[in-house]
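Working notes, beginning with the structure itself.
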Amino acid sequence: QVQLVESGGGLVQAGGSLRLSCAASGRTFSLYAMGWFRQAPGMEREFVAAISAWGASTSYADAVKGRFTISRDNAKNVVYLQMNSLKPEDTAVYYCAASRTTVVSTTAPRYDYWGQGTQVTVSS
């Protein structure tokens with residue numbers, strides 16, 4: 001069982017930056033691939049970024065490529081999402097997720113554990 005707790009969300013102006021963190025419980029964090037998803041009001045949950053278990057591979061949605069960076073610190077059981085050049089369309093609840101597979105996964109059904117989410121609001 002893995003418990004995930006996101007933090008770092010908030011209100012920021014367009015063009016600004018935020019760094020989201022996701023703290024994971026358990027001693028096997030390094031065996032899980034990790035991902036970030038987001039869900040805007042009235043929209044389906046969508047993939048944002050993912051990183052493999054040891055951080056060797058990453059994947060990004062086209063909408064955030066070049067602006068967002070996913071990283072992880074397996075010693076601290078934390079995964080990060082650095083978000084730069086934020087746009088109003090990035091406004092959503094951001095969820096951290098863990099997959100028992102070790103490789104990058106871009107689809108929600110591949111993830112086994114989810115956090116409660118953190119709100120990110122980007123004003124124009």
Side-chain angles (χ1 to χ4, degrees):
Q1 188 76 13
V2 175
Q3 292 185 325
L4 304 171
V5 179
E6 302 97 335
S7 62
L11 174 63
V12 64
Q13 288 188 331
S17 298
L18 283 174
R19 188 176 81 156
L20 305 184
S21 299
C22 173
S25 65
R27 294 176 290 178
T28 57
F29 177 73
S30 63
L31 299 180
Y32 292 85
M34 300 296 295
W36 287 95
F37 289 76
R38 67 187 182 186
Q39 188 168 18
M43 305 291 285
E44 293 188 354
R45 192 170 297 190
E46 65 175 0
F47 169 74
V48 175
I51 188 166
S52 59
W54 285 98
S57 299
T58 58
S59 180
Y60 296 91
D62 287 344
V64 307
K65 204 170 292 183
R67 301 187 297 122
F68 291 10
T69 303
I70 189 171
S71 61
R72 66 189 296 161
D73 186 336
N74 284 350
K76 296 181 178 179
N77 283 16
V78 181
V79 62
Y80 303 100
L81 185 68
Q82 178 66 44
M83 306 186 296
N84 298 329
S85 302
L86 283 161
K87 304 175 181 180
E89 51 263 44
D90 294 317
T91 295
V93 177
Y94 283 70
Y95 297 91
C96 171
S99 171
R100 284 194 288 261
T101 66
T102 58
V103 298
V104 164
S105 299
T106 62
T107 56
R110 298 296 299 274
Y111 288 84
D112 304 289
Y113 304 101
W114 293 83
Q116 293 300 305
T118 185
Q119 176 71 47
V120 171
T121 303
V122 184
S123 63
S124 57

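Hydrogens, waters and symmetry mates play no part in the numbers below; they use all other heavy atoms, side chains included.
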Pairs flagged by disulfide bond (SG atoms under 2.5 Å apart) wherever residues 22-122 is involved - sequence neighbours left out
C22-C96

Are V120 and V78 connected in the hydrophobic side-chain network, where two residues link if heavy atoms are under 4.5 Å apart?
no

Quick note, salt bridge (Lys or Arg N to Asp or Glu O under 4.0 Å) partners involving residues 3-17, not counting sequence neighbours, are none

I need the single residue from V2, T102, N74, L4 that forms a side chain to side chain contact (heavy atoms under 4.5 Å, CB included) with Y32. Which is it?
V2

Around Q119, counting heavy atoms of other residues, nucleotides and ligands shown, do more than 12 lie under 6.0 Å from its CD?
yes

Review item, side-chain donor-acceptor pairs of residues 37-50, under 3.5 Å, at least two apart:
| unit_1 | atom_1 | unit_2 | atom_2 | d |
| --- | --- | --- | --- | --- |
| R38 | NE | E46 | OE2 | 2.6 |
| R38 | NH1 | D90 | OD1 | 2.9 |
| R38 | NH1 | Y94 | OH | 2.9 |
| R38 | NH2 | E46 | OE2 | 3.2 |
| Q39 | NE2 | M43 | O | 3.1 |

Please determine whether residues M34 and V104 belong to a single hydrophobic cluster, defined as Ile, Leu, Val, Met, Phe, Trp and Tyr linked transitively by side-chain heavy-atom distances below 4.5 Å.
no

Given the rule that I, L, V, M, F, W and Y join up when any side-chain heavy atoms are under 4.5 Å apart, are Y111 and V64 in one cluster?
no

Identify every side-chain donor-acceptor pair in residues 79-87 under 3.5 Å, counting partners at least two apart or on other chains, and give the distances.
| unit_1 | atom_1 | unit_2 | atom_2 | d |
| --- | --- | --- | --- | --- |
| Q82 | NE2 | N84 | OD1 | 2.9 |
| N84 | OD1 | S17 | OG | 2.9 |

Return the minimal non-hydrogen interatomic distance between S99 and S105, and the atom names on each side.
OG-OG, 4.2 Å

So, S25 side chain and Q3 main chain: donor-acceptor pair closer than 3.5 Å or not?
yes

Using links of under 4.5 Å between side-chain heavy atoms of ILVMFWY residues, direct or through other members, which residues join W54 in one cluster?
none

Output for pair (I51 CD1, S59 OG), nearest 0.5 Å, gives 11.0 Å

Taken to the nearest 0.5 Å, the spacing of L20 CG from Y95 OH works out to 13.0 Å

From L31 CG over to T101 OG1, what is the distance, rounded to the nearest 0.5 angstrom?
11.0 Å

Nearest 0.5 angstrom please: R72 CZ to T58 OG1, how far?
12.0 Å

Among residues at least two apart in sequence or on other chains, which ones pass side chain to side chain donor-acceptor pair (under 3.5 Å) with Y113?
R100

